[in-house]
Structures are given as structure tokens and as C-alpha cells.
Amino acid sequence: MPEATHVGSGKVRELYALDDDRLLLVASDRISTFDVVLPTEIPDKGRVLTGLSGFWFARTRHVVPNHLLALRDDARSTECRRLEMLPIECVVRGYLSGSGWKDYRATGEVCGHRLPEGLVESQQLPRPIFTPATKAQTGHDENIDRDAAVELVGEDRFDEVEATALALYELAAEHARARGIILADTKLEFGLDDRGRLVLGDEAFTPDSSRFWPADEYRPGSTPPSFDKQFVRDYCESLGWDKTHPGPELPDEVVTGTRARYVEAFEHLTGIGFDDYLADPRVVLA
Ligand code: Q0Z
């Protein structure tokens, strides 16, 4: 009997079944930019994301239980409880960026939240808002309002997920802000366990699921540099690449600089040395 059966591929992650109740989530070193996976990997990127997720799962258990069962010695694989995933992406926004900014500019609203007039790109919102989206199989997730999300998960579950997602965002954003990083927004995924209880799944507060901005470079009215991918984006822009598959190979200095940004984000946010994490991944859970 094989140790694990491959059951799914994401752009940069792989999912395996360990048995009926457990999955193995493996974060690769692949990187995507402008929605295209590049041919060059960023060494240890998957380990940084796995370590950050583990760190956050351990620190938010008192808010909501999560799917994490164990971190493997490879530092990139998470054994997790198999859940019945909810069919919505649970996005929380504390700042106006990405599709939130686009929707606000077009309608003055984001997912049915009417916002004050005159906000500028990247501006902090009066309070964080829950902005669910559909899970697109291909293409982009579509922002939906409360009524559309209630159709998908029911009213009581919606209210529970909204309150939980907001509480998780507030906790992580406050922690990050104290360490010089603005957590502009984040995408969480929840599932239900075999008794119908809400459980946090997937990844949590990684640079792939969130916008991290260096606080000292934050300027409302412009697009802040992404903490992790800015070198990659700037390099790709400098080539005049048309942002369709295949993407360009990255030169060594872009790879090295980007790896350093990921490791820096890990160490800033966790207060743990990355080498200590590699020596024993469980240090992030302590
Ligand atoms: C996560 C995904 C990936 C492809 C399903 N604990 C869970 N229980 C049930 N399902 C999932 C989880 Cl995390 C689940 N995804 C997203 C991850 C590769 C797709 F690594 N899909």
C-alpha cells in the first residue's frame, strides 16, 4: 500500500491522502506572479510558508480549531485532518487593495459593504470587513455579498465564519503590525469536521494567502511593494513579458533576493531563526 495517494495540485502546492481521515499538504518552492507559475523555483519558499502556517495555527487554536496534525521533518509538509471544505473563500480586508479597491472604485462598495467616499488605494478601512468570494475552479475567484454567501453555506454558518475570520485577522494583523508588517488582507479557508464543527484549514497568514506590506514603506494612494514578490515582479516588468504562460526564468540575484525576503518575513513574524525551524519544524508550534 502506498504511503500517500496524490489527490490534488494547486499552483504551488500538492495534496495527498494519507488515509480516510488525514491529508498531506506539501508546499513546493514554485512561485507564481501575475497568475503564472515561473520555471525557476525559490529555494525554501515552501518551507517558509509551511512554517508560517504552523506558527499561526498554533497561535489561533483558542479562537478556532484547525486542521494541523503534525509538521513533517522536511519542514514543507503538513499532516492535516480531512475536512468537508466550505465552498467560499473567506477574505478579510483591513486595507483597500486588489479586487477590493477595484470594486470600490467601480461601485463604492466591496461585497455589499458600503464604504465612505473618497478612499484612496491601499487606505486603511474604518474597520476590517469580511469579503467572501466563490472558489473558481479556473480563473479568478468572484467577490460575493452576504446574501450570495448565505445561499452557499447557510445563515448561521455564515455568521460564525464571518466572526471567526474577523477575529483571526485582528489577531494576526496586530501581531504583524507590532513587527513592522502590515497585514493588508488575508484569505482563509474553513471546513467542517465529522461532527459539523467549524475548523480552520488550508494555509494561514502566509505571503501566498495574504498581502504583507513593509510598514515603513506604506503610503496610502499608491500600490505598496509586496514584501515577498516585488523583486520578481519588477524583474518580469523590466523584460516586457506579456504575462502569459510560459513565464521567464529568473536570474540568480532575483532568486537570492527573493529567498532572503521570504526568510526575513518568517523571522520577523515568528521571532524564530529559520535555521532553527529547519533543524526541528516543531519549534513553530511551541
Ligand atoms: C485543501 C489545495 C493543495 C490543491 C482541499 N484539511 C483539508 N480537508 C479537505 N480538503 C482540503 C483540506 Cl486542506 C483541501 N485544498 C486546497 C491544496 C493542492 C488544493 F495543496 N483542497
Side-chain angles (χ1 to χ4, degrees), residues 2-33 35-38 41-42 44-61 63-92 132-142 144 149 152-153 157 160-161 164-165 168 172 185-210 228 245 262 281 284-285:
E3 209 226 313
T5 312
H6 188 246
V7 293
S9 290
K11 274 214 285 273
V12 301
R13 297 180 302 162
E14 302 296 335
L15 196 57
Y16 301 84
L18 294 172
D19 55 41
D20 288 352
D21 308 321
R22 296 181 309 142
L23 298 173
L24 189 70
L25 208 124
V26 183
S28 76
D29 291 336
R30 298 193 294 273
I31 187 167
S32 69
T33 190
D35 283 326
V36 174
V37 177
L38 301 181
E41 297 191 330
I42 306 298
D44 292 327
K45 171 179 176 281
R47 293 189 172 95
V48 165
L49 270 55
T50 298
L52 278 173
S53 270
F55 176 84
W56 283 112
F57 284 137
R59 275 151 193 82
T60 57
R61 303 174 45 189
V63 177
V64 63
N66 60 68
H67 74 165
L68 187 146
L69 297 171
L71 293 177
R72 291 216 165 159
D73 285 328
D74 65 9
R76 68 167 74 251
S77 305
T78 305
E79 295 179 11
C80 45
R81 256 194 300 167
R82 193 194 287 254
L83 306 170
E84 196 69 54
M85 299 306 287
L86 297 183
I88 55 172
E89 308 277 9
C90 295
V91 178
V92 179
T134 59
K135 290 185 178 181
Q137 289 308 308
T138 58
H140 275 123
D141 299 339
E142 184 192 348
I144 55 176
L152 292 169
V153 302
R157 192 65 79 180
E160 183 186 14
V161 161
T164 305
L168 292 171
D185 55 36
T186 196
K187 179 175 84 182
L188 301 166
E189 293 195 35
F190 293 92
L192 307 181
D193 70 10
D194 51 5
R195 295 181 184 187
R197 286 173 301 210
L198 189 70
V199 178
L200 179 62
D202 208 63
E203 61 182 333
F205 304 112
T206 70
D208 277 7
S209 66
S210 314
D228 51 318
H245 179 85
Y262 277 104
V284 297
L285 307 179

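Since the model is a prediction, treat every value here as computed from it, not as a measurement. For reference, positions follow the sequence shown, starting with 1. Just so you know, ligand 1 is whichever comes first in the structure, and atom 1 is the first atom listed for that ligand.
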What part of E189, side chain, backbone, both or neither, has a heavy atom within less than 4.0 angstrom of ligand 1?
neither
S53 side chain to A204 main-chain N or O, any donor-acceptor pair under 3.5 Å?
yes
Do you know the tightest heavy-atom contact between G54 and V284?
C-CG2, 4.1 Å
Which residue is it: E189, E89, E142? I am looking for the one with a salt bridge (charged side-chain N to carboxylate O under 4.0 Å, His left out) to K135.
E189
What do you reckon, is CZ of R61 surrounded by more than 12 foreign heavy atoms closer than 6.0 Å?
no
Has H6 got a side-chain atom pairing as donor or acceptor with G8's backbone, closer than 3.5 angstrom?
yes
Less than 4.0 angstrom from a charged side-chain N to a carboxylate O is my criterion; do K11 and D35 meet it?
yes
Protein contact to atom 2 (C) of ligand 1 [nearest heavy atom, distance to 0.1 Å]:
R13 NH2, 4.0 Å
Verify, without hydrogens or angle tests, whether H67 (side chain) and D202 (backbone) share a donor-acceptor contact under 3.5 angstrom.
yes
the protein heavy atom lying closest to atom 9 (C) of ligand 1 turns out to be L83 O, 3.2 Å
At less than 4.0 angstrom from any non-hydrogen atom of L25, what atoms of ligand 1 do you find?
13 (Cl), 20 (F)
For ligand 1, find out whether one of its N or O atoms is nearer than 3.5 Å to an N or O atom of G10.
no
Polar contact flag for R81 and ligand 1 (N/O pairs, less than 3.5 Å)
yes
Checking the N or O distance criterion of under 3.5 Å, is ligand 1 in contact with H67?
yes
Which residue owns the protein heavy atom closest to atom 1 (C) of ligand 1, what's the atom, and how far is it?
D202 OD1, 3.7 Å
Which residue supplies the protein heavy atom nearest to atom 14 (C) of ligand 1, what is that atom called, and how far is it?
L15 CD2, 3.7 Å
Distance under 4.0 Å to a non-hydrogen atom of R82: what atoms of ligand 1 satisfy this?
8 (N)
Check contact between S9 and ligand 1, using heavy atoms of the residue and a distance below 4.0 angstrom.
yes
Out of all atoms in ligand 1, which are within 4.0 Å of some heavy atom of M85? Include the element for each.
7 (C), 8 (N), 9 (C), 10 (N), 11 (C), 12 (C)
Assess whether a salt bridge exists between D29 and R76, defined as any Lys/Arg side-chain N lying under 4.0 Å from an Asp/Glu carboxylate O.
yes
Among all protein non-hydrogen atoms, which one is nearest to atom 7 (C) of ligand 1, and what is the separation to 0.1 Å?
L23 CD1, 3.5 Å
In plain terms, say whether D208 and R30 are close enough for a salt bridge, that is, a side-chain N and a carboxylate O under 4.0 Å apart.
no
